[in-house]
Amino acid sequence: MSYSAVRGEQDEATDYDVIVAGGGPVGLTAALVLGRAGRRVLVVESEPEPATQWRASTFHPPTLELAESLGLIDDMLAQGLVAPTYQLLDRTGDLIAEFDFSTLSDATRYPYRLQLEQYKYMRILLGRLADEETVRVSFAHRVTGHRTTGPHSVDVQIAGPEGAYTVSGGCLVGADGARSTVRQNLGVEFEGMTYEHRYLLLGIDSPLEEYFPGISFVNYVSDPTEHLMLLRIPDCWRVMFEVTDGPPDEEVVTDEFIKGRLKVLLNQHPMPRVLSRQVYRVHQRVARTFRHGPVLLIGDAAHVNSPIGGLGLNSGIHDACTLGRALTDPQPSRALDSWAEQRRTVALSEIQRITHRNTQDLSLSEGEARDTRMEQLREISRDPRRSREWMLEASMITSARHQNLVSGRPFRTGDQSPTTA
Ligand SMILES: Cc1cc2nc3c(=O)[nH]c(=O)nc-3n(C[C@H](O)[C@H](O)[C@H](O)COP(=O)(O)OP(=O)(O)OC[C@H]3O[C@@H](n4cnc5c(N)ncnc54)[C@H](O)[C@@H]3O)c2cc1C
């Protein structure tokens, strides 16, 4: 069954083990894990086609190990770019710190970040789901509501091109993104904050590796007035500029505004073709609970965070894979309680903490605090032990190992979360 075969069609079956609201990267990952475990799964996706926007584009080592276990890794490696290092630069282009993933080669089979567009990951997933006989993906259908009917049963209301209907499931998984209908229907608070700054995200066709010799495929540029990221993805270079208060979103995406920002970055180099433009508002929010009886929240529906560090999508994929295990546990109720608790703790104490720290590091104001922090990061990158600890955390290996998320290679004794950073 291919996804196009069910696009826009109403479902004939009305009873599933699991109904997944949202056919984004996280919902589709959950569907694959559950389909492989023989569960009857319905994925309900409101859009008529899979999303093709550039959003997340980094896959960390534990996620690559999970992708290996799902048989996705060969396609991902074939389509992605390996980033063996990442850099922290200052606005003059001077290197503050470089972190080399090869120091993790005894801790993971994938000691690098893989740069691959989120939409390509989804395409690979959809290809695999086409072979899963127990999984159905319904595009152009929207989950509009649900009613819990028992500890292991839920009725889900769906609106499709032919009208509204209800299906029943053993559970409902809300993987329907940051504005999750499922989370809102539950009345679960999405606690946290919204940053004052936004990001202007551009895809450009400049050869930045030629303009800035020695830069990595992943570069964070610290600047008190306008921090930015330069990311090489297979399709092009992506630039993510901080935009502080002032111009409304409509103005930020105009040619004039974009040219002004690019001019400062590129200096004398020719103006590129702008392949995509988006304004992106950034939050740190975590749902008060990830489980409400037979209704579970994963991915952006459960937590959103700053993109500095590339942890958002990765942690959503980790939610999906661990949820798959909990749902197929012989004692699912107990397993789901502990899953929900664990994943929320990771979202708060790992993902939010790390991404907020990274965001602050990039945007520190000129002065002593900034100089001290940049020096600290420089020192960490030069000290093999501290750099390794930093990298284990930045690449999510520390948190993945604490939860037995991946088998990987054995941890060396002495590996632990950095306390110095
Ligand atoms: C502009 C942008 C740039 C980003 N860049 C980065 C980055 O650089 N690094 C990073 O780590 N993360 C980044 N992110 C975050 C990352 O894209 C998300 O973490 C990731 O998409 C989460 O996947 P998801 O499947 O949980 O949610 P989504 O990708 O949001 O998928 C949710 C799906 O649910 C569908 N849906 C919504 N409501 C319903 C409903 N009621 N019924 C049925 N379907 C529904 C939507 O159509 C969508 O397809 C970015 C996000 C944005 C918006």
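Keep in mind that this is a model prediction, so the values were computed, not measured. As a basis for the values below, the full set of heavy atoms in this structure was taken, side chains included, without hydrogen atoms, waters or symmetry mates. Counting starts at 1 for both ligands and their atoms, in listed order.
Nearest to atom 31 (O) of ligand 1 among the protein's heavy atoms is Gly24 CA, 3.6 Å. With respect to atom 33 (C) of ligand 1, the closest heavy atom belonging to the protein is Glu45 OE1, 3.6 Å. Here the heavy atom of the protein found nearest to atom 43 (C) of ligand 1 is Val44 O, 3.2 Å. For atom 34 (O) of ligand 1, the closest heavy atom belonging to the protein is Gly22 CA, 3.3 Å. In terms of protein heavy-atom proximity, atom 27 (O) of ligand 1 is nearest to Gly177 CA, 3.8 Å. Looking from atom 10 (C) of ligand 1 to the surrounding protein, the closest heavy atom is Ala56 CB, 3.5 Å. Regarding atom 26 (O) of ligand 1, its nearest protein heavy-atom neighbour is Asp300 N, 3.0 Å. Arg55 NE, 3.2 Å is the protein heavy atom nearest to atom 53 (C) of ligand 1.
Gly316 does not count as a contact of ligand 1, since none of its heavy atoms falls under 4.0 Å from the ligand. Between Ala51 and ligand 1 there is no heavy-atom distance shorter than 4.0 Å.
Looking at Thr398, its side chain does come within 3.5 Å of a backbone N or O of Leu392 through a donor-acceptor pair. Within the 3.5 Å criterion, the main-chain N or O of Leu405 finds a donor-acceptor partner in the side chain of Arg325. Judged by distance alone, with hydrogens and angles left aside, the side-chain atoms of Arg36 form a donor-acceptor pair with the main-chain N or O of Leu70 at under 3.5 Å. At distances below 3.5 Å, at least one donor-acceptor pair connects side-chain atoms of Arg401 with backbone N or O atoms of Ala107. Between the side chain of Ser206 and the main chain of Leu208, no donor-acceptor pair closer than 3.5 Å is present.
By the criterion of a heavy-atom distance under 4.0 Å, the backbone of Ala175, and not its side chain, is placed next to ligand 1. Heavy atoms of Arg179 found under 4.0 angstrom from ligand 1: none, in either backbone or side chain. In Arg142, the parts holding a heavy atom less than 4.0 Å from any atom of ligand 1 are both the side chain and the backbone. In Thr181, the part holding a heavy atom less than 4.0 Å from any atom of ligand 1 is the side chain. Neither the backbone nor the side chain of Glu49 has any atom closer than 4.0 Å to an atom of ligand 1 (non-hydrogen atoms only). For Leu311, every heavy-atom contact with ligand 1 shorter than 4.0 Å involves the backbone, none the side chain.
One finds the CG atom of Leu114 at 8.5 Å from the OG1 atom of Thr58 (value rounded to the nearest 0.5 Å). Rounding to the nearest 0.5 Å places OH of Tyr110 at 15.0 Å from CG of Leu104. Put simply, CD1 on Ile351 and CG on Leu311 are 5.0 Å apart, with the number rounded to the nearest 0.5 Å.
Close approach to Gln118 involves these atoms of ligand 1, each under 4.0 Å from a residue heavy atom: 16 (C), 17 (O), 20 (C), 21 (O), 29 (O). Applying the 4.0 Å criterion to heavy atoms of Glu47 picks out, from ligand 1, the atoms 47 (O). Contact atoms of ligand 1 toward Leu313: 11 (O), 19 (O) (distance under 4.0 Å to a heavy atom of the residue). Contact atoms of ligand 1 toward Arg238: 8 (O) (distance under 4.0 Å to a heavy atom of the residue). Every atom of ligand 1 is numbered from 1 in the order shown, and the set under 4.0 Å from a heavy atom of Pro25 is 23 (O), 25 (O), 29 (O). Heavy-atom proximity to Gly310, at under 4.0 Å, picks out these atoms of ligand 1: 11 (O). The atoms of ligand 1 that sit less than 4.0 Å from any heavy atom of Gly299 are 26 (O).
Salt-bridge annotation for Glu117 and Arg238: absent, with no side-chain N of the basic residue lying under 4.0 Å from a carboxylate O of the acidic one. The residues Arg277 and Asp255 are annotated as salt-bridged, a charged nitrogen and a carboxylate oxygen being separated by less than 4.0 angstrom. The pair Glu191-Arg344 meets the salt-bridge criterion, with a side-chain N (NZ, NE, NH1 or NH2) lying under 4.0 Å from an Asp/Glu carboxylate O.
Checked by distance only, ligand 1 and Val143 come closer than 3.5 Å through their nitrogen or oxygen atoms. Annotation: Ser57 places no N or O atom under 3.5 Å from an N or O atom of ligand 1; distance criterion only. Between Ser46 and ligand 1, an N or O atom pair is found at a separation short of 3.5 Å. In terms of polar-atom proximity, defined here as any N/O pair under 3.5 Å, Gly312 does make such a contact with ligand 1. The distance criterion of under 3.5 Å between nitrogen or oxygen atoms is met by Val26 with respect to ligand 1.
Considering all non-hydrogen atoms of both residues, His60 and Ser395 come closest at CB-O, 3.5 Å. Of all the heavy atoms in Pro84 and Tyr112, the pair that sits closest is CA-CB, 4.2 Å.
Under the ring-ring contact (aromatic ring centres under 6.0 Å, His included) criterion, the residue pairs touching residues 197-218 are Tyr195-His197, His197-Tyr199, His197-His227, Tyr199-His227, Tyr211-His269, with sequence neighbours excluded.
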Using the rule given for side-chain contact (heavy atoms from CB on, under 4.5 Å), can you reason through Met374 versus Leu88, listing the C-alpha separation, both sets of side-chain angles and the distance that settles it, and then say yes or no? CA-CA 9 Å; Met374 292 306 125; Leu88 176 64; 4.2 Å; yes
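Under the side chain to side chain donor-acceptor pair (under 3.5 Å) rule, Ser306 has a single partner from Thr359, Asn358, Thr355, which is Thr359.
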